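Written out below as structure tokens is the structure these notes cover.
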Amino acid sequence: MLKRVKPWTQKYIPLKGIDVVGQQKSVAQLKKFVVNFRNEHKKATIVYGPTGCGKTCAVYALASEMGLEIVELNASDFRTGDAIASIVGNASKQMSLMFKGKIILIDEIDGVSGVKDRGAVPEIVRIAEKTSFPIIMTANDPFTKKFSTLRRKVAMVEFETLQYMQVFEIIKAVVDKEGIEYEEDALKAVARRSGGDARAAINDLQMLATQKITMKDLDVLSDRERVEEITTALTKIFKTTDPVVARKSFDTVTEDLKHCLLWVDENLPKEYEKPADLARAYDYVSKADVMNRRIMRWQHWRFLAYVNDYLSAGVAVSKDEKYRKMIHYGQTQRLLKIFIANRKYQKRKAICEKMAAATHSSRKEVVKNTYPYMKVIFKQSRDNELKAALANQLDLDKDEIDYLKM
């Protein structure tokens with residue numbers, strides 16, 4: 001009988017909060033919430049940050065350190081209000097079988113849909129207001145509209161994106177414990193390619209694990225395969241004027257067509273030198289973008305065929321003749337820029353939602369007319385009593401107050 005191999009992500013999960021790499025401030029904030037739960041005004045917390053940054057393992061580490069039981073639920077498995085009331089509601093009231101304290105962990109609340117799962121979020125809010133035990137929820141992005149009510153009722157703890165050297169520190173500790181030899185450059189390459197996702201890096205490492213991990217072993221990792229797929233597709237499109245050949249370019253690409261559009265947009269000016277060729281090609285790219293918008297607005301997925309044709313055959317036939325030069329196609333930076341911009345304005349969005357609820361107006365109206373005055377008050381006013389009163393009225397946390405002072 002084959003012995004089941006335990007995933008390294010479980011085998012080497014941190015046992016103490018201090019062992020969670022790169023998130024010391026956030027873990028301390030989370031520990032303070034659990035320790036002072038009885039005196040906390042808000043009885044639930046959303047821990048948010050990118051995939052693989054240590055959100056879930058931090059909760060388990062704190063539970064282990066403090067001798068608490070974990071009751072874990074995945075929000076995507078219990079998406080209706082009734083199911084959440086039945087499972088989470090009961091767990092939030094009943095003592096554990098071993099009469100230990102406990103933490104209720106609702107993992108991946110992003111899995112709750114704002115349309116199909118009506119009643120789920122209000123039920124979580126109701127339970128969070130009456131719970132006898134700390135509730136911790138994890139999310140990649142809790143700043144969508146469907147969670148606006150929930151955000152006002154819970155504390156927020158942000159986990160930062162891990163730097164590649166922090167990921168390297170984590171996976172180096174794992175291979176050292178496993179007694180596996182490695183080339184340091186190979187481990188650093190695994191860390192870089194993970195994009196800050198420590199869990200993905202550990203999984204890649206376990207897949208590569210032999211007697212020694214070398215740079216040659218990295219060819220099997222999915223990131224390289226994904227990049228090779230998209231660059232091969234771009235080569236077919238940019239280096240042909242035959243629409244039949246070009247139309248099949250994205251057939252074997254795992255990226256969705258929205259991301260393919262960004263790749264085309266990023267590399268098109270590198271390939272097409274003639275202004276007329278570039279203008280025609282971008283006209284097709286813009287038409288593909290229009291079709292994407294129609295899909296989002298009307299859910300008419302048949303328009304995907306047009307998106308594919310515009311991005312592939314349309315771009316290919318835009319040039320008078322193919323260019324002979326060799327180009328290194330680079331990954332689009334647009335997604336990273338969008339992510340950075342979104343993270344920058346998340347706190348402003350949360351503050352404006354609280355102000356909108358307090359003033360019975362829309363968030364858009366608050367952003368335009370009220371928020372600028374609030375910034376001036378917190379940044380320039382010397383009236384500390386006024387600022388304290390506003391913070392109390394709006395239920396602003398320390399990070400939000402600090403953000404207003406910036």
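All figures in this text were calculated on a predicted structure; none of them were measured in a lab.
- Side-chain atoms of Asp277 and Tyr323 include a donor-acceptor pair closer than 3.5 Å.
- In this structure, CD on Glu169 lies 8.0 Å from CE on Met165, to the nearest 0.5 angstrom.
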For this session: Carefully, step by step, assess Glu69 and Ile103 under the rule side-chain contact (heavy atoms from CB on, under 4.5 Å).
Result: CA-CA 6 Å; Glu69 180 185 335; Ile103 295 172; over 6 Å; no
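- A donor atom on one side chain and an acceptor atom on the other are found under 3.5 Å apart for Asp107 and Thr138.
- Screening Lys349, Arg348, Lys354 for a salt bridge (charged side-chain N to carboxylate O under 4.0 Å, His left out) with Glu400, the sole residue that qualifies is Lys354.
- Scanning both residues, Pro269 and Leu278, for their nearest heavy atoms gives CA-CD1, 3.9 Å.
- For Lys274, the NZ atom sits in a packed shell: over 12 heavy atoms of surrounding residues, nucleotides or ligands are nearer than 6.0 Å.
- Between Tyr310 and Val285, the closest side-chain pair of non-hydrogen atoms is not below 4.5 Å.
- Inter-residue side-chain proximity for Arg199 and Thr56 is flagged as unmet; no heavy-atom pair is nearer than 4.5 Å.
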Problem set entry | Working for salt bridge (charged side-chain N to carboxylate O under 4.0 Å, His left out), residues Asp395 and Lys42 | CA-CA 10 Å; Asp395 201 14; Lys42 296 177 178 178; 3.3 Å; yes
For this session: Could you please spell out the steps behind the salt bridge (charged side-chain N to carboxylate O under 4.0 Å, His left out) verdict for Glu353 and Lys145?
Result: CA-CA 10 Å; Glu353 283 176 350; Lys145 187 177 180 181; over 6 Å; no
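- Between the side chains of Gln346 and Tyr48, not a single donor N or O lies within less than 3.5 Å of an accepting N or O.
- Geometrically, Lys102 engages Phe133 in a cation-pi contact defined by less than 6.0 Å to the ring centre and at most 45° from the axis.
- Separation of atoms CG (Asp383) and CZ (Phe378) is listed at 10.5 Å; rounding is to 0.5 Å.
- Atom OG1 of residue Thr241 and atom CG of residue Asp320 lie 10.0 Å apart, to the nearest 0.5 angstrom.
- In this structure, the ring-ring contact (aromatic ring centres under 6.0 Å, His included) partners of Phe238, at least two apart in sequence or on a different chain, are Tyr272, Tyr329.
- By the 4.5 Å heavy-atom criterion applied to side chains, Lys25 and Gln23 are not counted as neighbours.
- For the pair Lys43 and Phe37, the cation sits on the ring face: its NZ or CZ lies under 6.0 Å from the ring centre, inside 45° of the axis.
- Here the shortest heavy-atom pairing between Ile377 and Lys387 reads O-CD, 3.6 Å.
- Here CG of Leu311 is found 9.5 Å from CG of Leu262. Values are rounded to the nearest 0.5 Å.
- Side-chain atoms of Lys55 come within 3.5 Å of backbone atoms of Gly49 as a donor-acceptor pair (strictly under, hydrogens ignored).
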Problem set entry | Test salt bridge (charged side-chain N to carboxylate O under 4.0 Å, His left out) applied to Lys398 and Asp402, step by step | CA-CA 6 Å; Lys398 185 179 181 300; Asp402 291 341; 3.0 Å; yes
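- With contacts defined as side-chain heavy-atom distances shorter than 4.5 Å, the pair Ile109/Val121 does not qualify.
- Within a 6.0 Å sphere centred on CD of Gln393, heavy atoms belonging to other residues, nucleotides or ligands number 12 at most.
- Under the 3.5 Å distance criterion, the side-chain polar atoms of Gln166 are matched with a main-chain donor or acceptor of Gln163.
- No more than 12 heavy atoms of other residues, nucleotides or ligands sit less than 6.0 Å from atom OH of Tyr306.
- With Arg247 as reference, Asp309 is the one residue of Asp309, Asp242, Asn308 to meet the side chain to side chain donor-acceptor pair (under 3.5 Å) rule.
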Problem set entry | Chi angles and distances behind the side-chain contact (heavy atoms from CB on, under 4.5 Å) call for Met296, Lys258 | CA-CA 11 Å; Met296 291 173 63; Lys258 282 186 183 177; 3.7 Å; yes
Exercise. Given the rule in the side-chain contact (heavy atoms from CB on, under 4.5 Å) test, do Ile18 and Gln24 qualify, once you have shown the distances and angles that lead to the verdict?
Worked result: CA-CA 7 Å; Ile18 197 171; Gln24 284 75 20; 5.7 Å; no
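- Annotation: side chain of Tyr282 is in contact with side chain of Asp265 (closest heavy-atom distance under 4.5 Å).
- Side-chain contact annotation: Asn369 with Glu365, donor-acceptor N/O pair under 3.5 Å present.
- The two residues Lys375 and Met406 come nearest to each other via the heavy atoms NZ-O, 2.9 Å.
- Annotation: Tyr284, atom OH; neighbour count of heavy atoms from other residues, nucleotides and ligands within 6.0 Å does not exceed 12.
- Rounding to the nearest 0.5 Å places NZ of Lys32 at 11.5 Å from OG1 of Thr45.
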Problem set entry | Ile351 vs Met355, side-chain contact (heavy atoms from CB on, under 4.5 Å): CA-CA, chis, key distance, verdict | CA-CA 6 Å; Ile351 293 168; Met355 292 171 64; 3.9 Å; yes
Exercise. Would Glu184 and Lys172 satisfy salt bridge (charged side-chain N to carboxylate O under 4.0 Å, His left out), going step by step from the backbone distance to the final call?
Worked result: CA-CA 9 Å; Glu184 188 168 304; Lys172 182 178 181 297; over 6 Å; no
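- With Asp197 as reference, Thr51 is the one residue of Thr51, Thr161, Val167 to meet the side-chain contact (heavy atoms from CB on, under 4.5 Å) rule.
- For Leu105 against Tyr60, the heavy-atom pair with the smallest separation is CD2-CE1, 3.8 Å.
- Two residues are said to be in side-chain contact when any heavy atoms from C-beta on lie closer than 4.5 Å; Met137 and Val47 fail this criterion.
- A heavy-atom distance below 4.5 Å is found between the side chains of Ile202 and Ile171.
- For the residue pair Lys153 and Val125, the shortest heavy atom distance occurs at CG-CG1, 3.7 Å.
- For the pair Ile46 and Ala139, the tightest heavy-atom approach, listed with the atom from each and the gap, is CG2-CB, 4.3 Å.
- Distance alone, capped at 3.5 Å, places no donor-acceptor pair between the Arg192 side chain and the Tyr164 backbone.
- More than 12 non-hydrogen atoms from other residues, nucleotides or ligands lie less than 6.0 angstrom from CG of Leu386.
- Counting only heavy atoms from C-beta outward, the side chains of Leu404 and Met374 approach each other to under 4.5 Å.
- Ring geometry for His300 against Trp298 counts as tilted: the plane angle lies between 30° and 60°, on a 0 to 90° scale.
- Separation of atoms CD1 (Ile237) and CD (Glu271) is listed at 11.0 Å; rounding is to 0.5 Å.
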